[in-house]
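Accompanying notes for the structure given below.
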Amino acid sequence: MPSVTRIYVPADSAALALGADEVAAALAAEAKRAGAAVEIVRNGSRGMHWLEPLVEVQTASGRIAYGPVTAADVPGLLKAGLLEGAAHALRIGDPAQHPFLARQTRWTFARCGIIDPVSWDDYTAHGGGQGLARARTLGAKATLEAVTASGLRGRGGAGFPAGIKWRTVHDAPGDTKYVVCNADEGDSGTFADRMVMEGDPFALLEGMVICGLAVGARKGFIYIRSEYPRAIAVLEHALVVARANGLFEDCAIELRIGAGSYVCGEETALLESLEGKRGQVRAKPPLPAHHGLFGKPTVVNNVLTLATVPEILLRGPEAYAALGTGRSRGTLPWQLAGNIKHGGLFEAPFGMTLGEIVDDVGGGSATGRPVRAVQVGGPLGAYFPRALFDTPLDYEAFAARDGLVGHGGVVVFDDSVDMARQARFAMEFCAAESCGKCTPCRVGSVRGMEVIDKILAGRDVDANLSLLEDLCNTLRLGSLCALGGFVPYPVMSAVRHFPQDFRTP
Amino acid sequence: MAWDTQRAADIIETYKHLDGPALPVLRALQLEFGYLPDEAVSQVAEALNLSRAEVHGVVTFYHDFRREPGGRTSLKVCRAEACQAMGGDALGDEARRRLGVDWHGTTRDGEVTLEPMFCLGLCSVAPAAQVGDRLVARADWPKLEEALRKCRP
Ligand SMILES: Cc1cc2nc3c(=O)[nH]c(=O)nc-3n(C[C@H](O)[C@H](O)[C@H](O)COP(=O)(O)O)c2cc1C
Ligand code: SF4
Ligand code: FES
């Protein structure tokens with residue numbers, strides 16, 4: 001029997017959007033024509049998105065990568081000896097040795113891009129399932145202790161310690177409890193949740209089941225945004241495979257799809273939406289941990305928070321807690337986005353500086369022009385100028401400079417950016433996505449747009465700038481949730497760090 | 001597709017048993033019929049034991065739900081920050097000019113509806129768009145045009 005060569009062609013959304021399906025089809029057709037037996041695996045992405053589609057071949061001496069590959073490159077690649085890992089202009093070599101990957105410390109993304117995302121065999125061959133086995137041995141109490149000891153904080157934005165949230169739900173009275181995974185990932189500049197769901201979905205499912213065991217929940221929901229069709233398809237497939245392999249004996253998991261609403265990423269709005277209502281934010285207290293989905297004690301955690309737990313139990317909470325800086329323990333999957341040369345996913349311990357990740361790791365702007373501003377933490381995060389590039393990437397250091405780590409999105413802008421327009425957009429976005437419950441957010445954001453329009457038109461600039469600041473204070477103090485409450489971050493950081501853009505002659 | 005009470009009833013029946021069935025039901029109805037007319041609101045309200053006002057409130061809250069039919073193909077262009085950093089605004093302007101419609105508008109021949117999006121999770125390969133169910137990275141107008149061509153029967 002001729003030996004079959006395994007070829008990996010990512011089916012991550014970023015790879016698909018760059019023609020990965022066409023590449024896979026061309027590889028299958030050309031290999032057939034050449035009489036070569038190949039098996040094409042559709043893996044997730046390694047996270048080097050500027051090299052996508054990144055094709056990998058399993059050779060006798062390990063995996064060899066080529067990229068970025070187009071369908072038109074395929075005949076030439078095969079002729080050059082792609083199946084043997086031979087030389088070619090697109091040859092990257094061993095992907096794990098690529099500096100972008102070699103510099104990372106991968107926990108949440110330990111398997112992403114390496115395995116077939118919906119193969120249970122592949123998953124278990126790469127450590128999958130062992131975290132849950134460990135949790136079963138430990139029991140609920142010791143599992144809660146392990147998660148607390150790891151120092152893992154919520155990766156959805158607020159950075160609340162996961163172990164404490166879990167304990168609260170565990171201690172809450174009642175037989176019916178829920179685990180809800182927040183997969184709404186609405187922040188611009190973020191795609192780490194999407195990559196996990198597309199590249200290693202069982203890790204998320206396993207993390208949810210561990211959470212269920214630890215807190216005493218027998219039912220879990222994943223609330224995913226409708227803007228992620230590929231992730232939805234992979235999760236649907238993964239749920240079937242996981243069920244067949246007995247993953248849901250203790251806690252059954254159901255997938256629910258959102259309907260296009262940024263504010264539904266806010267945990268109480270998300271619960272309202274799951275219950276079938278308008279996605280309006282609930283007043284807190286009561287916390288979801290006490291009074292959550294259908295009024296029951298509920299853990300709401302981000303995809304990354306939950307998907308990291310199996311690896312923490314597998315490798316030990318101490319090892320995770322040993323990474324990072326200050327109160328920001330472990331790793332964060334940073335997402336390099338916007339005008340950046342090396343865009344993609346970079347998981348590293350907290351503590352690198354903003355400048356290191358933008359200039360060294362990211363290679364500066366894609367356009368080759370000077371980097372002028374970086375927005376970290378999504379649409380509610382502050383814009384930082386180069387002068388703040390020494391800020392360490394950790395929750396407290398960013399907060400100390402009126403910034404936000406949020407979900408770890410790093411959006412880079414070159415010197416063609418107009419920061420007054422960015423400030424206006426922040427208000428526009430807030431107005432479009434406001435749930436309508438608080439007047440400052442609903443009305444103030446529209447007022448904010450009008451005021452910035454006047455500034456842009458050069459009318460009463462001083463008076464309107466102080467009006468804008470007043471408005472921001474009203475929003476900050478008078479909003480129920482962080483949509484209205486944090487929109488002052490992008491707006492006021494633009495005013496403070498880039499004042500000249502508000503005074504265009 | 002024109003509203004079909006029986007077909008709608010079958011769809012509602014499929015999802016009715018879920019906890020909090022409203023969103024799954026409305027989503028499935030919109031996938032089938034392309035939009036949610038008044039009949040949908042009434043029928044869902046009755047089947048799920050809700051008031052028409054409640055269902056109407058849900059339908060109007062979410063950006064995904066349409067009250068009128070759209071074009072045959074949807075063209076979604078990302079308007080969020082990471083795409084702005086790579087010329088997303090100009091792409092949105094060009095799409096509007098070429099199609100002769102504003103955001104949410106449908107071309108006169110009923111072929112294309114242009115929708116603004118806030119992030120497709122393709123922020124590292126911006127600007128991003130989606131044509132039908134094809135994702136487009138590093139999008140420009142020629143790429144969008146080609147994707148639109150591939151969507152035609
Ligand atoms: C307007 C708004 C949008 C949010 N969007 C998300 C989101 O898309 N994903 C997410 O995990 N958390 C989001 N959050 C944070 C959640 O409210 C909540 O803190 C989080 O889901 C808790 O999980 P974690 O502790 O694992 O981070 C958002 C918050 C606000 C105020
Ligand atoms: S701040 Fe805005 S989004 Fe948040 S609860 Fe108030 S109105 Fe709703
Ligand atoms: S900001 Fe456009 S895809 Fe994320």
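Residue numbering restarts at 1 for every chain, and letters A, B, ... go by the order of the sequence lines.
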Given that the side chain runs from C-beta out, which part of [X] has a heavy atom under 4.5 Å from chain B: side chain, backbone, both or neither?
X: Arg230(A); value: neither
X: Leu336(A); value: backbone
X: Glu428(A); value: side chain
X: Glu275(A); value: backbone
X: Glu254(A); value: side chain
X: Pro379(A); value: both
X: Asp21(A); value: neither
X: Cys435(A); value: both
X: Thr190(A); value: backbone
X: Val263(A); value: side chain
X: Ala192(A); value: neither

Those residues at least two apart in sequence (or on a different chain) that pass salt bridge (Lys or Arg N to Asp or Glu O under 4.0 Å) with Asp12(A) are Arg194(A)
Heavy-atom pair of closest approach, residues Leu23(B) and Lys277(A):
CD1-O, 4.4 Å
Considering all heavy atoms, the nearest Phe294(A)-Gly20(B) contact
CZ-N, 3.8 Å
Minimum side-chain heavy-atom gap Ser273(A)-Tyr62(B) below 4.5 Å
yes
Given the options [options], which has more heavy-atom pairs under 4.5 Å with chain B than any of the others?
options: Ser188(A), Pro229(A), Ala366(A), Ser365(A); result: Ser188(A)
options: Gly19(A), Gly436(A), Ala426(A), Ala337(A); result: Ala337(A)
options: Asn339(A), Val417(A), Ile340(A); result: Asn339(A)
options: Ala17(A), Gly276(A), Gly343(A); result: Ala17(A)
options: Gly344(A), Ala14(A), Gly279(A); result: Gly279(A)
options: Glu185(A), Gln335(A), Glu433(A), Met195(A); result: Glu433(A)

With a cut-off of 6.0 Å (strictly less than), are more than 12 heavy atoms of other residues, nucleotides or ligands near [atom1] of [X]?
X: Arg97(B); atom1: CZ; result: yes
X: Lys219(A); atom1: NZ; result: yes
X: Arg421(A); atom1: CZ; result: no
X: Asn49(B); atom1: CG; result: no

How about [range] versus chain A: which residues have heavy atoms under 4.5 Å apart?
range: residues 114-137 of chain B; value: Met117(B), Phe118(B), Cys119(B), Leu120(B), Gly121(B), Leu122(B), Cys123(B), Ser124(B), Val125(B), Gln130(B), Arg134(B), Leu135(B), Val136(B), Ala137(B)
range: residues 81-90 of chain B; value: Glu81(B), Ala82(B), Gln84(B), Ala85(B), Met86(B)
range: residues 27-47 of chain B; value: Arg27(B)

Side chain, backbone, both or neither: which part of Leu18(B) has a non-hydrogen atom closer than 4.5 Å to chain A?
both
Out of curiosity, Arg79(B) CZ to Phe429(A) CZ, how far, rounded to the nearest 0.5 Å?
10.5 Å
Atom pair OG/CZ of Ser226(A) and Phe65(B) - distance to nearest 0.5 Å:
8.5 Å
